[in-house]
Structures are given as C-alpha cells and as structure tokens.
Amino acid sequence: MLWCAPIGSAAGPLNPTALRAMRAHFPDVSLIVVAGIGRPSHATAVMELGFDAVLLNTAVAGAGDPAAMAAAFAAAIAAGNQAFNAGLLEPRDMAVSSTPVIGKAVFTCSLISSS
C-alpha cells in the first residue's frame, strides 16, 4: 500500500492515524507497506501499528553499508512486530498513574538543618 509516503521519499509514515484506521478496518487482511520507508524507525512505527510486513529497497540500496542497513531493518521490524503483539498502550490526553496511590502509605522527608 502506498499510504505511508511517496515511493523513494524516505519520509516515513506521514499519516499514522490513517494507517491505524486501515488496520482496524481490515483486521484479517495482510497489510504491507511498500513505499516511503527510509529509516529503521519508520519500519518499527508501521509494524507497531499492526502491519504485517514492510517492503523496501531505496533505504537499503542507497545506504553506505547496505548489509548493515538490512540487518538494522530486520531488527527494527522484529521489534515493532513484537511490541504490537505484546499490546501497546494507546496515547492519552492526560497523565494516568500506573501505580495505585489510594490506600498506600505516604512517606515524607523533611530536611533538618543544623545550626
């Protein structure tokens, strides 16, 4: 799918909201990003959105060390897939404590000055 970014642009996912919506709308269809990936972090981002694969060429072919770049992409894709499968937290508009505070002891520290 070319929804990520223009071919060869290396711009990465330009509209993650649309990509997330597509994944949600087609949960049982294999979705593969085929254009616009320029960095391993871009591949991680689309895999974290639940995509099934990344097809790329320019980012590897144009790298100073294509073999090392291919290895970096392989690791990034695996990490993004693992994170998606582990269950990522959805972004929130406000802070939410992950540690319950109700019913817990409160410790205070006061500084004692010696004169």
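Only heavy atoms go into these numbers, but all of them, side chains included; no hydrogens, no water, no symmetry mates.
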Taking all non-hydrogen atoms of both residues, which atom of [X] and which atom of [Y] are closest, and how far apart?
{"X": "Asn81", "Y": "Met47", "result": "N-CB, 3.6 Å"}
{"X": "Ala61", "Y": "Pro66", "result": "O-CG, 4.5 Å"}
{"X": "Ser9", "Y": "Pro6", "result": "OG-O, 2.8 Å"}
{"X": "Cys4", "Y": "Ala35", "result": "CB-O, 3.4 Å"}
{"X": "Ala83", "Y": "Leu88", "result": "O-CG, 3.5 Å"}
{"X": "Ala59", "Y": "Ile37", "result": "CB-O, 3.6 Å"}

**Prompt:** Given the rule in the side-chain contact (heavy atoms from CB on, under 4.5 Å) test, do Val54 and Phe73 qualify, once you have shown the distances and angles that lead to the verdict?
**Reply:** CA-CA 9 Å; Val54 175; Phe73 268 102; 5.6 Å; no
**Message:** Starting from Leu49, can I reach Phe84 by hopping between I/L/V/M/F/W/Y residues whose side chains sit under 4.5 Å apart?
**Reply:**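 The answer is no; the residues belong to distinct hydrophobic clusters.
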**Prompt:** Do His42 and Arg39 pass the side-chain contact (heavy atoms from CB on, under 4.5 Å) test, and can you show the C-alpha distance, the side-chain angles, and the key distance before you say yes or no?
**Reply:** CA-CA 5 Å; His42 297 159; Arg39 298 172 181 257; 3.8 Å; yes
**Prompt:** Taking side chain as C-beta onward, heavy atoms only, is Asp52 less than 4.5 Å from Arg23?
**Reply:**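 Of all side-chain heavy-atom pairs linking Arg23 with Asp52, at least one is under 4.5 Å.
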